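This report concerns only the one structure given below.
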Amino acid sequence: MTAGRFYSTSKQEIRAKAVVGPFTYKAAAVFLGVGAGLLLYFKSEKEKVNKMREQKELEKSQTQSFGKPKLGGDYTLTRADTKGNFGSDDLKGRFSLIYFGFTHCPDICPEELDKMAEVVDMTKNDKDIGDNVLIPVFITCDPRRDTAEIVEEYVKDFHKDLIGLTGSQEEIKKVAKLFRVYVSSPPEISEGDDYLVDHSIFFYLMDPEGKFLDCYAQNAEADGVYNGFKKYYKEYIENGGKIENRTLLEPKKVEQNE
């Protein structure tokens, strides 16, 4: 009986050793070394993840603070319908949507101005926004041909609220630079020549303080521009912004000295 129990116990110990393996100081050292290595590895990876998260948050904050390019500024041009001075100060108090083009443009400019008109009507029909909140503006980049009279007739084809602006070549060049608009005309031009003007195709959205908010490329749909504007409008109102209660589209009366 004793021998049987001894044999049985010995057999169980042998099986246990076969499963667990022989435990030696060398195995213990290897085990501890591997464990310490894994601990250091996971600690290092955790630090990397935290650093990456911190870097992403930093990049996000930098994008929010510095992501918008500095576009726009102070300028004065000639308003086509009144033939008087009109510029950045006159647009303050309302949001404005500005487009640079030229009246001899065969297709792109008309398509973009039709889109702009659609966006303006969407805002007018939105009971949360209303009338005279978003002002559409057309600035010619071809002042050689686009006189005030020509621009006045041109903008009438798109929207009754559309303000047309022109000016001298130097004035237009200055405003184009403020908005970083690319404009290129043929170098040798004579009066009466027919030519095309290569230019950037964007809508520039400005807030009632004259600050740049966003721009929309040619592939932007009217719905997308409208939804983008509505977001900026809500943010502006929620932050205490005010829309001036005056009819910007009526020509300003010029006081004349008696």
Side-chain angles (χ1 to χ4, degrees), residues 66-103 109 112-113 116-117 119-120 123 129 131-143 146-148 150-152 154-155 158-183 197 199-217 225 228-229 231-233 235-237 239-255:
F66 309 108
K68 291 182 180 178
K70 186 178 179 181
L71 297 179
D74 296 331
Y75 62 89
T76 301
L77 294 173
T78 300
R79 179 166 166 169
D81 57 348
T82 66
K83 313 302 185 289
N85 290 338
F86 189 93
S88 52
D89 285 342
D90 298 286
L91 290 170
K92 290 180 180 179
R94 296 284 193 276
F95 287 87
S96 57
L97 197 60
I98 300 173
Y99 178 76
F100 289 79
F102 64 110
T103 64
C109 291
E112 291 301 289
L113 291 174
M116 178 185 279
V119 173
V120 173
T123 64
I129 300 176
D131 200 8
N132 292 332
V133 174
L134 179 63
I135 306 303
V137 181
F138 169 82
I139 300 179
T140 181
C141 52
D142 183 22
D146 288 347
T147 63
I150 290 175
V151 172
E152 179 182 9
Y154 181 73
V155 298
F158 300 100
H159 200 283
K160 65 181 183 63
D161 292 350
L162 182 58
I163 294 178
L165 301 179
T166 186
S168 68
Q169 292 188 44
E170 284 303 314
E171 288 172 336
I172 295 298
K173 183 178 180 181
K174 176 186 174 183
V175 179
K177 186 176 181 180
L178 287 174
F179 285 87
R180 301 184 188 179
V181 175
Y182 167 76
V183 179
V197 179
H199 63 89
S200 306
I201 306 171
F202 289 99
F203 292 157
Y204 298 89
L205 179 63
M206 312 298 288
D207 75 4
E209 298 172 11
K211 297 178 182 178
F212 170 75
L213 289 175
D214 212 338
C215 62
Y216 305 92
V225 179
F229 164 71
K231 181 193 72 172
Y232 288 114
Y233 171 79
E235 289 177 357
Y236 183 77
I237 298 300
N239 289 328
K242 301 292 184 181
I243 303 297
E244 289 189 11
N245 186 21
R246 62 184 176 90
T247 305
L248 178 65
L249 299 176
E250 292 180 355
K252 284 186 175 181
K253 294 182 179 179
V254 180
E255 296 182 0

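Because only heavy atoms are used, hydrogens play no part in the values below, and waters and symmetry mates are left out as well, while side chains stay in. Residue numbers run from 1 in the order of the sequence given. What you are looking at is a predicted structure, and each value in this text was computed from that prediction instead of being measured.
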request  = Could you tell me whether Tyr232 and Phe95 have their ring centroids closer than 6.0 angstrom?
outcome  = no
ask   = How would you list, by chain and number, every residue that makes a salt bridge (Lys or Arg N to Asp or Glu O under 4.0 Å) with Glu235, sequence neighbours excluded?
value = none
task = Could you list the residues that satisfy salt bridge (Lys or Arg N to Asp or Glu O under 4.0 Å) with Asp74, not counting sequence neighbours?
result = none
Could you give the side-chain donor-acceptor pairs of residues 168-175 under 3.5 Å, partners two or more places apart or in another chain?
residue	atom	partner	partner atom	Å
Ser168	OG	Glu171	N	3.1
Ser168	OG	Glu171	OE1	3.4
Glu171	OE1	Ser168	N	2.9

key: Contacts of type ring-ring contact (aromatic ring centres under 6.0 Å, His included), residue Phe202, not counting sequence neighbours   = none
ask   = Got a sec, which residues hit ring-ring contact (aromatic ring centres under 6.0 Å, His included) with His199, two or more places apart in sequence or on another chain?
value = Phe102
task = Could you list the residues that satisfy side-chain hydrogen bond (donor to acceptor under 3.5 Å, both in side chains) with Asn85, not counting sequence neighbours?
result = none
query = Can you list the residues that meet the side-chain contact (heavy atoms from CB on, under 4.5 Å) rule with Ala176, with sequence neighbours excluded?
reply = Val181, Val183
request  = Could you tell me which residues satisfy ring-ring contact (aromatic ring centres under 6.0 Å, His included) with Tyr75, sequence neighbours excluded, listed by chain and number?
outcome  = none
Residues that Asp146 engages under salt bridge (Lys or Arg N to Asp or Glu O under 4.0 Å), provided they are two or more places apart = none
message = Going by salt bridge (Lys or Arg N to Asp or Glu O under 4.0 Å), name the residues that satisfy it together with Lys177, two or more places apart in sequence or in a different chain.
response = none
request  = Output all residues satisfying side-chain contact (heavy atoms from CB on, under 4.5 Å) with Val155, sequence neighbours left out; order by chain, then residue number.
outcome  = Phe138, Val151, Leu162
